[in-house]
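This report concerns only the one structure given below.
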Amino acid sequence: MATARDRSALRDWAGQSGFIFRGTVRRENAATMASVPAEAGTAVVLVDEVVKAPQALSGIAGREITLLPADGSSMKAGQSAVFFTRSWLYGESLAVVEVGRLDLAAQVDEVRALVDEAESGRADERFLDRLSRAELVVAGTVRETRPRQPARPGPVSEHDPEWWEAVLDVDSVEKGQPPAGPLTVLFSPSTDEFWIDSPKLVPGLQGVFVLQRDQEERGFPALRVLGLTALHPLDVQPRQALERVRTMLGRRS
Amino acid sequence: MALLLVNMIPNSLSGETGRDSECNVAVDPVRPLNIAASAFTLDPMLSGNAPIFVSLDGGRTWTLNVVLPGGNKTGDTTLRFGGTSSVLYGGILRSDNSNLNILRKANFNLPGLMTVLVDRANDDQPWVEAATVASGPGAGADRVYIGNNDFTEAGTTGHTATIDDSLNAATAAPPAGFGPVRLEPRATAATGGGSQDGPSVRTTIHADGTVYGAYFGWRTFASPANTSDVVVVRDDSWGSGANPFQALVDPGDSLSGLRVVRGVSIPALSTLLGTQRIGSQLSIAVDPSNSSTVYLAWADGTSAANYTIRVRRSTNRGVTWSADLQTVVSATNPALAVTSQGRVGFLYQQWVASGAGNRWQTHVEISDDGLFASPADTMLANVPDANGFYTGVNPIGDYSCLLAVGTTFYGVFSANNTPDLANFPNGVIYQRNADFVAHQLKDLSNSFVATSIDPFYFRLTESAFQVVGLTEDGGMWHTIRRPDGSWQSSFGDVKAQESNDPGEFEAVGSAGVNGELHVVGLTEHGGMWHTLRHEDGSWQPSFGDVKAQESNDPGEFKAVSCAGVSGELHVVGLTEEGGMWHTIRHPNGSWQPAFGDVKAQESNDPGEFSSVGCGGVDHELQVVGLTDDGGMWHTIRHANGSWQPFFGDVKAQESNDPGEFSAVGCAGVGAQLEVVGVTEHGGMWHTIRHANGSWQPFFGDVKAQESNDPGEFTAVACADAD
């Protein structure tokens, strides 16, 4: 079993790691990629089992990759561990930088559960941050969408959010006080790289809307407008998330 | 010119489905095997930083190195190396706060983020160019120019077209001398809350210190089209004086910046050509051999339907300009480059409406005369205007990129990544797992992956003719005939380049594959050995034992022929017993795991083979073998790996019989296989297998075409010289 100290470290490592796996060190001072500098001090590690990996690396289990040990640590051929790593090189193989290591190869299920728990905790923290910054959180339905009028004055850019507004029918207010009259929310329908992951509101969409005022987090300042906005991917949640939202806001239905 | 075209997504990211668009490329001029590139590519591990593409082998293979700050992927990104410093410079729009960052990194292949030299808000489309002063004042200093559209001026002067430049950027502490130079002296288009120029600002640098800039001087802003001047500025001393970029004065208003055209219509930035937005496409390139000659491309029109790229030239330092040298309708993302020989490259992406589905065709035209009188047009890609996993608009991005280093062109563009050779009519290499028969991408576990948008790299190199000869003592020697007709001054001893000596060579075959010369030699004991000459002139350090790569040994080889097919080296060897065996060297250096018995693929056996020739034709390997009785037989290995089910009797296709053949050579020329056979009496005869499978109806007597007769021929080789 992992100790409490392990658990704490693990959560920290999990937060820094994009790729977590159980692996076996095959060769010391070696690499699977020609572009890894000879003096890098890397090791070749077989990925025995994936604990966490991005979709783009599907199928990486069973392959040898290159691992740069964390500062001050060493590796020995034959050593098995759960490796917490972050990205370095993606090529004909993979090279990663070690963040942490748990010599718990036989207890991967426990590690996986702890990683899942840490991931869930981090997701909660990110969403709670959005909730905390929100001026208004409501559950409701998009009644209609339309280009913002009047159009934003000022510079013209291909990175323009192309501001539209959505009129919401509000079922419940979870945080803040809606303005008098129809609740309108600014969003970006643009598929420009700056805005491609911003929520695209459409009539009939039901959800929980986490609304910031006068956002300053993305886009050129010269292209911003004043108002309530839903721009971050977390700012529009499915209706089923309402109980979670209420819990996080300290409210109960 | 020889083409190398590579899908840049590396094998380890075979499961990738992003919109990797709007790519850019940088080539280290002193180490042109070192190449960096960018696209809207995500760090899949979400490290909080973004990758660049890195190649250390001239673009044949690519690796992502996570070095860009400011989010898991970046917005607009361009890269350039210093002229001799090998320092990589970048201009990016961060995705975390949308700020412009000007970046620097001494070694682009090492881990660690690029150093932020400038961090500024409200700035669009940074485009980096860089050079190193070769001699005179400032010798050794990196001069870096970053065109950008700075909205901080929109609310005041409206002069947003800007170049941030540094006269010594390589090592100084941030901001390393970078500062904005406003290019626009005229009133710009009022947009309701200010005024501004168009997004694209480009520069091009000559080694003598001449720096040109180009921008869209927007004059009126409206929908569906704006009006704009296309303006060129120039500085004759690196932009180092008190009034930089004011050397060109327009005679119409006596203001700096020559208006190449005035008041042309440019579609609004939200206009779509197919699924790609348009409205600010611009490129400028100076002739490295003459700073007075400069080329300009831009696109204008009142709508997507008549959006037209125009190419023009000035031969007097931008003072006057030609009429349109080239126009392409319904096209975007022009990119120009000029080689050291004055050849002009023009890259563009053209949208083609089709009842069978709209397409994006990516072309590169090469004009030897600079006038585009009869440019050589190579279609790099002809892909669906369908974006796969990503279903939105803007699939290919707002720009592509073309560079010239020496006599070689380097370029990048984005396109749909469906693995279908019909989409890449001049061949392509995928690093990611791809099934070109089923036209499906596969992840590392061989599961289906949705199509998406990928970056593609290409390189066009001068086609040098290379010769490998064997001497009576078994030596192997090499020489080159250069494009200008001159020859390498002395034969190079290939064995002297290698650390091992397989013994005396008795037969040899060679083929050019992706800009490299591959050589396969047979030793007196029937061994088969391989080496290759890289495009930089270096050789593989030791001969590789081909037999050691294979799980079977067909016996002693006595004859060999090679051909490049779709980026792979195909080798056909004949054994002492007259067998015919085949193997492949893949682009990643691995070999087919076992020699394939060609005869076992065929339903007939013409007898023992004694001579063989082969050529690549339209993604297929075609093989011609001569039998001991002088017959000539032909077969094909199709792109899917299957073989024509029987050897075809070539003589049976012809109305005449020149006699027994004793030697053969062949080559793929366009869509045809051309075959030359030497008869036992020294005659030389020629035939053609056409693209439709038919043959020229008779052997042609080559000697009868010539005015002299060198005597009896005993051996033959041939090649496509294009």
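Note on naming: letters A, B, ... go to the chains in the order of the sequence lines (proteins, then strands), and numbering restarts at 1 for each one.
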Pick one of side chain, backbone, both or neither for B:N446, based on which atoms fall under 4.5 Å of a heavy atom in chain A.
neither
Which region of B:T61, side chain (C-beta onward) or backbone (N, CA, C, O), has a non-hydrogen atom less than 4.5 Å from a non-hydrogen atom of chain A, or is it both or neither?
neither
Looking at B:L110, B:T63, B:N65, B:L64, which one forms a side chain to side chain contact (heavy atoms under 4.5 Å, CB included) with A:W88?
B:N65
Exercise: identify the closest heavy-atom pair between A:S87 and B:D43
OG-OD2, 2.5 Å
Quick one: do B:T17 and A:Q55 satisfy side-chain contact (heavy atoms from CB on, under 4.5 Å)? Show the steps, please.
CA-CA 9 Å; B:T17 55; A:Q55 178 69 28; over 6 Å; no
Walk me through it: do B:V66 and A:Y90 pass the test side-chain contact (heavy atoms from CB on, under 4.5 Å)?
CA-CA 9 Å; B:V66 179; A:Y90 305 87; 4.1 Å; yes
Would you check, one step at a time, whether the test side-chain contact (heavy atoms from CB on, under 4.5 Å) holds for A:V156 with B:L269?
CA-CA 8 Å; A:V156 176; B:L269 291 175; 3.8 Å; yes
Does the B:N122 side chain pair with the main chain of A:A222, one donor and one acceptor, at a distance under 3.5 Å?
yes
Contacting moiety of A:I65, where chain B heavy atoms sit under 4.5 Å
neither
Using heavy-atom distances under 4.5 Å, tell me whether A:V96 contacts chain B through its side chain, its backbone, both, or neither.
side chain
Is it the side chain or the backbone of A:F19 that comes within 4.5 Å of chain B heavy atoms, both, or neither?
both
Candidate pair B:L13 and A:L57, rule side-chain contact (heavy atoms from CB on, under 4.5 Å), full reasoning
CA-CA 6 Å; B:L13 292 181; A:L57 293 177; 3.8 Å; yes
Residue B:T74 versus chain A: region with a heavy atom under 4.5 Å
backbone
Please round to the nearest 0.5 Å and tell me the distance separating atom CG of B:D124 and atom CG of A:D160.
10.5 Å
Checking heavy atoms, do the side chain of A:S93, its backbone, both or neither come under 4.5 Å from chain B?
backbone
Side chain, backbone, both or neither of B:R94 within contact of chain A (heavy atoms, under 4.5 Å):
backbone
Per-residue contact mode, B:N49 against chain A (heavy atom under 4.5 angstrom)
neither
Bottom line for B:L444: the part with an atom under 4.5 Å from chain A's heavy atoms is both
Heavy atoms of A:F220 and B:L93 approach each other most closely as CZ-CD1, 4.0 Å
B:Q431 versus chain A, heavy atoms under 4.5 Å apart: side chain, backbone, both or neither?
neither
